[in-house]
Amino acid sequence: MPKWAMVIDLDKCTGCGDCIAACKLENNIAIVSPEEANDGRVMFWMDMITIYEGEYPNIRVKRFPKPCFHCDNPPCTKVCPVNATYKNEEGLIGQIYHRCIGCRYCMVACPYTAKVFNWLEPEWPDEFKNCFNPDVSLRMMGVVEKCSFCAHRLLKVKEDADSDEREILDNEYLPACSESCPANAIDFGDLENKESRVYNLSRSSRAYREMEDLGTEPKVIYLQKRE
Amino acid sequence: MPKKIQYENELDAPLFRPIYETGKGFYITVGILMLIILWALIMYITQIWFGLGVTGMNQTITWGFYIINFVFFIGISHAGTLISAILRLSRAEWRRPITRMAEVITAIVLAIGGLHPILDLGRPDRVLNIFTSGRLQSPLLWDVTSITAYFTASTVYLYLPMIPDIAKLRDKGGKLTWFYSFLSWGWQGTEHQKKVLNRAISILMIMVIPIAISVHTVISYIFSMTLQPGWHSTIFGPYFVVGAIFSGIAVLLILMIVSRKVFHLEDYLKKIHFQYLSTLLLIMALLWFYFTFSEFLTGIFGSEPHEMEIIHYKFTGPYALFFWGMLLLNFIIPVIILSIKRFKTITGILIASIAVVIGMWLERLNIVVPSLANPRMELPIGIYIPSLVEWSLFLGGIAVFILGFVLFSKFFPLISIWEIEEGREEGIKEVEERVHSYLPGKETGSK
Amino acid sequence: MNSMQNKIIAMAQLVSFLAMWIFVIGIIIWIINLISISVELQDAPGVSLGISLVAIPVFITLACILTYAYFGFKKNTSNLKNHSED
Amino acid sequence: MRKFIKHNFRLFVIASSAIFVLMIVWTVFGTRHTIVQPIEYNHKIHVEEADLICIDCHLSVETMSSAMIPNIEICQECHSDEPFTDSPEEIKLLKYIEEEEHIPWQKIYSVPDHVYFSHRRHVSIGDLECSNCHGNVEELESPAPYPSWEPTMDNCIDCHKQYKVTFDCLSCHR
Amino acid sequence: MEIKRREFLKLLGGVSGAVAIGTYGCNQVIDVPERLIELAKKGLGIETWKNTICGQCPAGCGIKVRLVDDIPVYIKGNPLYPVNQGGMCPSGHSALEVLFNPDRIKEPLKRIGIPGSNKWEPLSWEEALQKIADFLIKQRRNNKSHQVAFLDGSEQNSLMSEHIAQFMKAYGSPNYYQYPSVKNDSVPYLLLQGTQQIPSYDFLNTKYVLSFGSNFLEEGYSPIYYTKLYTHLKELTEKKRTRFVQIDSRMSLTAINADRWIPIRPGTYGALALGVAYILIREELYDNEFVSKHTFGFEDWVDNEGYTHLGFKSNVIGNYYPEQVSKITGVPGETILEIARELGNNKPSLVLGDQGSADNTNGTYSQMAIHSLNALLGNFGKEGGLYFTDQPPLAELPRVQEDELAVKGNSQPPIGCTYNTSFKIMDFSINSFTKNILSDNPYPVSVLFLYKGNPLFNALNHHDLAEALKKIPLVISFDSFLTETSEYADIILPDHTFLEKWDEYSNIPSVGFNHVGIQQPVIEPLFDTRNSANILIELGDKIGGTVSGSLPFENFEKEIKFRVEKIYRSGEGAIISEGLKGDWLEYLQQRGWQVGRYNSFDEFWKLITKHGGWWNPIKKEKGIKNIFKTSSGKFEFYSQLLKEWTDELVLMKGNDSHQNRELVLSELNINARGDQVYLPHYEAVPVDEHMPLYLTTYKLLTNRNGQSSNQPMMQEMFGYTSHQSWNTWAEIHPATAKDYGISNEDYIWVESSTGSIKLKAIVNPVVMPNVVAIPFGLGHTSFGRYAKGHGVNPNSVMKNLYDSLNGNPALQATKITISLAT
């Protein structure tokens, strides 16, 4: 059983923000009205965190993309009252929008604030309704959503693999962000597969996870900047 | 025009008066309350229609008024049953006029508080998912179960001791006789029935206490089960319980004082009752402060960065005003008033209790919001400004509570008549014996 | 007429009493259902069991107390009638 | 009788209206509403006379997620200008073909957009027979008025359990 | 935070609730082509991918569009395309929001209100074109063809620009201009080495890169290309890694990713460069051999008349010693010493200069100074240096046939430059363009074509420009949206969006190899729009004669084919495809194997459209000699070209007298005198009393030149780095903020002598003290529902300052003051 994980090399990542756009486009994420945005209700599945270290003028800016970390020991799934968010055997944390009752307990429980909530009915001009990605369903008002590691892509990839009876190749299943990162900073693959790039990178000396002390065991692994 | 019901010659006439004499005041109050509730209802409908977007919550601060009020109301609910149970257990004779009111508060407030999580749902239409596919692992489900248990228990606990009084009302006749006789379960006041009743009550009061404690512990679990700094602490259970009882007593005191004025129960609710209760309040205040102190002490002493962030935010951030306000209202004011004899008048107690109620609400606010406002990740600090809808629903909740209390006072005596009588008949003798039994020397009185 | 009314009331009491039991049983069934789900999904069945172990007895005792009171009173009233008759 | 009505008229009104409402509810929800197709397509004849098999017309069953409902492009490969039979339905078809307008078939098997269903997965990988879900269409002499098997989640899950295949939410929901 | 608390208390009434109820979502119902919806509904979900070129910005990345049932639903980078190699930038992803934008112009429009009133009525294509053609013919007949001007804001070096040039030349007008103009940017290189080409940099083989404000990861000609280079560097092993040092007054995206950030006072880059030169020269760290062999004017020299001229060396030694420089620039002396030594000691080391150093009144001289460092280091024609790509073997458009009308027209002076005669250095200055139009000098402009771009939004002199646009009798805009500018047009001929049209891109400036990209329609035009190129061809035909003769193509696609066919015949390079990465390709060619044999051009064409482009990574070996096209055939520290042209100007004033020279120099805003004028030197930027702070603007990847402002996704993402959506903000250093009593997220007034704007302040130490950095792009007053009324436009408070040598706007020269807005 594969275990999907993401490795983000902060040494390469320039912080261009393309992953955010790719993600929004791929997953039909609603774009809230400016007023909503001002109230802090913007929806990014992939967000960009910026940390300023050091004293002027020797400032180091640490900027890294933050998807859902798909923890191996997720705090969010434990508290869900209706099984709307859960961890499947491939280690993906699923969010089932039609099961969710919108209690937002999972958002509260997530130490990485990786989840976002549809405060209002998401709306688009009819024109933009043409260019929805048909593989991803639209969310409705009052449910929680989050990065899915583009699980809908996995469905197709699996199908291809099964139909010509083979394993899923390395780099065959890539989320939108990893696929279009201009700096090749985002790698994605199977942690169980010893040959996969991700496996090898995750064992590098630079590898670290966000807030490991919490014991959530994120499956998004960052590689420190080289100095 | 039904024939006038005779109660004036009764010994406890004042207790019957509110039931049989309806003044203009009653209708006005009910009317106003109804209006408020209607408004709240409209607001809730708008929320269902447009979604939770009409509240002031946002992606970082995802829990707001609804959860705050939920905790707050459930907290108040602890007044009654717990106190009356404890007093009953400890055979405190001064309990007799208090218990009934306390239990009423519990029953009503619990109903309101229990519904708050539903207000908070993004999709109330799917609430049934909890039954079809719930997960008992989720603290929310623990709440659902424990609150239902507590609710049933406390209603039963309110109802059983009321039966003799209902029977009294039934025997008075009048339009509602059928209603009372339905509720009175054919109470005749025979020895056997008394025995049954007393046994039932004594079992109940023993089991109600742990339930009550558990309920509030469980509510604190909602927070402490998460990893959020400022929440993830073991002290939360007792802390919440103390806070609950604290606010509960305050509300009880307020209601007692008010109904004393309104229903002219001066003869029943004597100064001594307030003295005793307010002393209890004072103790709780001190206890509460101790818990608050130790909570922050652990945080500050360990000074785990995220923890510190939030503590600092509470002390100096945009909500600092509310934090210090909380300390003032919950600790300084009540302690000053209640510990100085001169201030410890009825009005003084009233002021103190009101202060405590507000203070406890602020405490809930200070628990819920700041932790959410400072995400562990270096995201912009959120700000939460409750919207009109939230305020209205809060008001509505309070209105429902008052309405419930008023209506109850319309149909049932606010003070347990038979217990008073019992007090008159047996109480004194029984106490005397008991005191004797405490003292050295051979058993006297008891055969 | 009066006897008629008494009958109705007695009926109503019985009904409400049964309703109470149905409520309690309903809750118990619900909890058991949830346990079965959690077992099926291998989703922390232990926890569910733990909760149920606390919850179910509480409800049952409550129901029992009410039953006890209910029949306790009834029994006695019937005695009364007998007394009055003879 | 009339006397009875006169006496407790209110009761009568209430009762009758209640019955009426019940009837409406019954008609609306009680019966499956049937779907009428533009052409009374006869599967049987195509299978037996023209001995076609499903994939001949539903081309993409084995290769794609949607099976594809055949339309004039495919029909006209056999149905050229002169009709094989004297059935009015075929005339209709030919009319569509010569006017080159698409036949407005009605879908009767459909899943909501938050569900990913793939024929390829079920047919070519899972080796299911069409009849497993669609019933024995070969016998149908007129289009099915309603699905022989409702594609609801419960039904899906039942089958998945029965065949011991995954019922992980993410394997269908997206 | 303070404010917020007050709000909180104030808001017991709960205004926000009411707001939320009032305005939720951004809902709008406009008719969509039915067939699209139909297709989308009952489609089979057949998935196809089409390769084309992104038109969101000039970078010209290859993109791969995912179509489901022939409707584009997703865009990703074309992994084969050598420029971006599958990479993308955010705005590229939002291209679909351009295609399906509800505010697109769906048919030709005729303005009915007064200019700028934004009142329109539809117009049939025939009618519109006839109207224009008649006018053009009339103009031409009355020998007024030169009064027709064409302003091309696409800033893309695609075939389109050449197409337009061809048309204008044939029609007989010298007034075809690109704005912003790449030619202007290349002026420094022209002056120093006589070529108008932007150099490319061999990052991969260099050890040390010193970038003077060149924000190549964000604002460069092709950010994604540079991001890719950057990544390749990061993939190299530790010891081989290049060290980046970024000199900039703001910590740009490039600075963040650089190994070191050196803050510098805006407008003083030139001084710093010369300061570095000082150390290099003093410590003998420069490439003596190269300097002596291939440069002119390093040492003092004597001309034919026997005058001794100041040399670069003595100029630098004389004026740019570290203390002096650090006084000017605010960079500590030891820092200058450090970077100079690092630069000199890890050869090959590169020096870049752009944006920050270029966008100022002294931009050209700063760039010259910076570029002359490359000369000192001898970075020409060597590994890890800079080089110039060859031209792709595309067929030239057929020679323009000029009838006598055209000849006469073309002989007229262009009005787009300073002075009524062309000042050859500069390609175009919108400032002078406007002035000349307003003053009918030397002749009035009667027709103005606008293609893409939005000068009214970008330019610093927008008030005058608006007046000028009002003055012109016939303004025609080819645009898919109603921008600030096109609101002043009389007729709008809606263009396709780039996902619906044909075009051909070749050799994006500073991209290190020779490449051609084919932009092709991925979807049938949604509305009744036309490719502007075809419109020009049509107009040409309507005018007839030599004009139509010069564009002998039935449509633009044919024209592109004609151009590409030559590549096929030349047999150079290869169509991009898997496995044909640079070195492998090189290997093949060294073995003398023809890469990619195609039996016919049709096959070639099919393949190139399938894969999206052609490239040739092999640089033709050309000696250092051929790089420099100067009169001395060397790299000229002392620019004889500049001398020559200033002398011409002086002569134009009458005789070569001292005061005439003074006059000219002052008109050119050059403070230096004597030989310094022609040498790289530091020109002081204009000072402004009681305006203590510098205003610098920058462009984000999410919205270059404000052209993504009508795309909601980009609006929401605009400030993703500081979590600001749909809004402009100002970055201020904590120290400065403290001086003005400003705390984070406060609203402030930014005030210059020309105006003031209100915006949110973000206080963090990523700008240097006394500098206020504001992102450019928002603050539209038109341009559709998503752009209009969000954020502010920093250019609206900028003073109308220009680099008078190359005519580029001085975006960093305005001084401002700020105050807390209450």
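Chain identifiers are assigned alphabetically (A, B, ...) following the order of the sequence lines, protein sequences preceding nucleic acid strands; residue numbering begins at 1 within each chain.
Contacts between Ile51(A) and chain B at a heavy-atom distance below 4.5 Å involve the side chain alone, from C-beta outward. For a residue to count as touching a neighbouring chain, one of its non-hydrogen atoms must lie under 4.5 Å from one of that chain's; by this rule Gln228(B) touches chain A with the side chain only. Residue Ile222(B) touches chain A through both its backbone and its side chain, counting heavy-atom pairs closer than 4.5 Å. When heavy atoms are compared at a cutoff of 4.5 Å, Phe131(B) does not approach chain A at all. Interface remark: Cys110(A) contributes backbone atoms only to the contact with chain B (heavy atom separation under 4.5 Å). Proximity to chain A is limited to the side chain of Leu372(B), based on heavy atoms less than 4.5 angstrom apart. Proximity to chain A (any heavy atom under 4.5 Å) is restricted, for Leu141(B), to the side chain, taken from C-beta onward. Residue Met48(A): no heavy atom, backbone or side chain, is found under 4.5 Å from chain B. Only the backbone of Thr77(A) comes within contact range of chain B, with at least one heavy atom under 4.5 Å from a heavy atom of that chain. With a threshold of 4.5 angstrom between heavy atoms, Pro75(A) approaches chain B through side-chain atoms but not through N, CA, C or O. At a 4.5 Å heavy-atom cutoff, the contact between Val42(A) and chain B is made by backbone atoms alone. Proximity to chain B (any heavy atom under 4.5 Å) is restricted, for Asp47(A), to the side chain, taken from C-beta onward.
A cation-pi arrangement, defined by a distance under 6.0 Å to the six-membered ring centre and an angle within 45 degrees of its axis, is present between Arg364(B) and Phe240(B).
The ring pair (Phe, Tyr, Trp, His ring centres under 6.0 Å) test with Trp361(B) singles out one residue from Phe394(B), Phe322(B), Phe73(B), and that residue is Phe394(B). When Tyr86(A), Phe149(A), Trp45(A) are each tested for a ring pair (Phe, Tyr, Trp, His ring centres under 6.0 Å) with His70(A), only one passes: Phe149(A).
Within the 3.5 Å criterion, the main-chain N or O of Arg135(B) finds no donor-acceptor partner in the side chain of Ser138(B). Arg376(B) places a side-chain N or O within donor-acceptor distance of the main-chain N or O of Leu227(B), the cut-off being under 3.5 Å. The backbone N or O of Tyr313(B) sits nowhere less than 3.5 Å from a side-chain atom of Thr316(B) that would complete a donor-acceptor pair. Distance alone, capped at 3.5 Å, is enough to place a donor-acceptor pair between the Arg126(B) side chain and the Cys100(A) backbone. In terms of modelled atom types and a separation under 3.5 Å, the side chain of Ser371(B) and the main chain of Val368(B) share no donor-acceptor contact.
No donor-acceptor contact under 3.5 angstrom links the side chains of Trp231(B) and Thr226(B), judged on distance only. Remark: the Thr216(A) side chain and the Tyr112(A) side chain contain an N/O donor-acceptor pair separated by less than 3.5 Å. Side chains of Lys146(A) and Thr85(A): a donor-acceptor N/O pair is absent below 3.5 angstrom, by distance only. Using modelled atom types, one finds no donor on one side chain facing an acceptor on the other under 3.5 Å when comparing Lys87(A) with Asn73(A).
Ranked by heavy-atom pairs under 4.5 Å with chain B, the first of Ile101(A), Val82(A), Ile49(A) is Ile101(A). Between chain B and the residues Ala84(A), Cys80(A), Ala109(A), the largest count of heavy-atom pairs under 4.5 Å involves Cys80(A). The candidate from Gln59(B), His232(B), Glu378(B), Met377(B) with the greatest count of non-hydrogen atom pairs under 4.5 Å with chain A is Gln59(B). Heavy-atom pairs under 4.5 Å with chain B were tallied for Asn118(A), Val144(A), Thr113(A); the largest tally goes to Thr113(A). Among Met43(A), Arg99(A), Lys66(A), the residue with the largest count of heavy-atom pairs under 4.5 Å with chain B is Arg99(A). The greatest number of non-hydrogen atom pairs below 4.5 Å with chain B, out of Glu210(A), Lys115(A), Met107(A), Lys78(A), is found for Lys78(A). Heavy-atom pairs under 4.5 Å with chain B peak, among Val108(A), Val79(A), Val116(A), at Val108(A).
Residues from residues 112-124 of chain B that place a non-hydrogen atom less than 4.5 Å from a non-hydrogen atom of chain A comprise Asp120(B), Leu121(B), Gly122(B), Arg123(B), given in numerical order.
In this structure, the ring of Tyr319(B) has its center no less than 6.0 angstrom from the ring center of Tyr384(B).
Contact check on Arg153(A) versus Glu26(A) returns a salt bridge, with a Lys/Arg side-chain nitrogen under 4.0 Å from an Asp/Glu carboxylate oxygen.
Atom CD of Glu55(A) sits in a sparse spot, with 12 or fewer heavy atoms from other residues, nucleotides or ligands closer than 6.0 Å.
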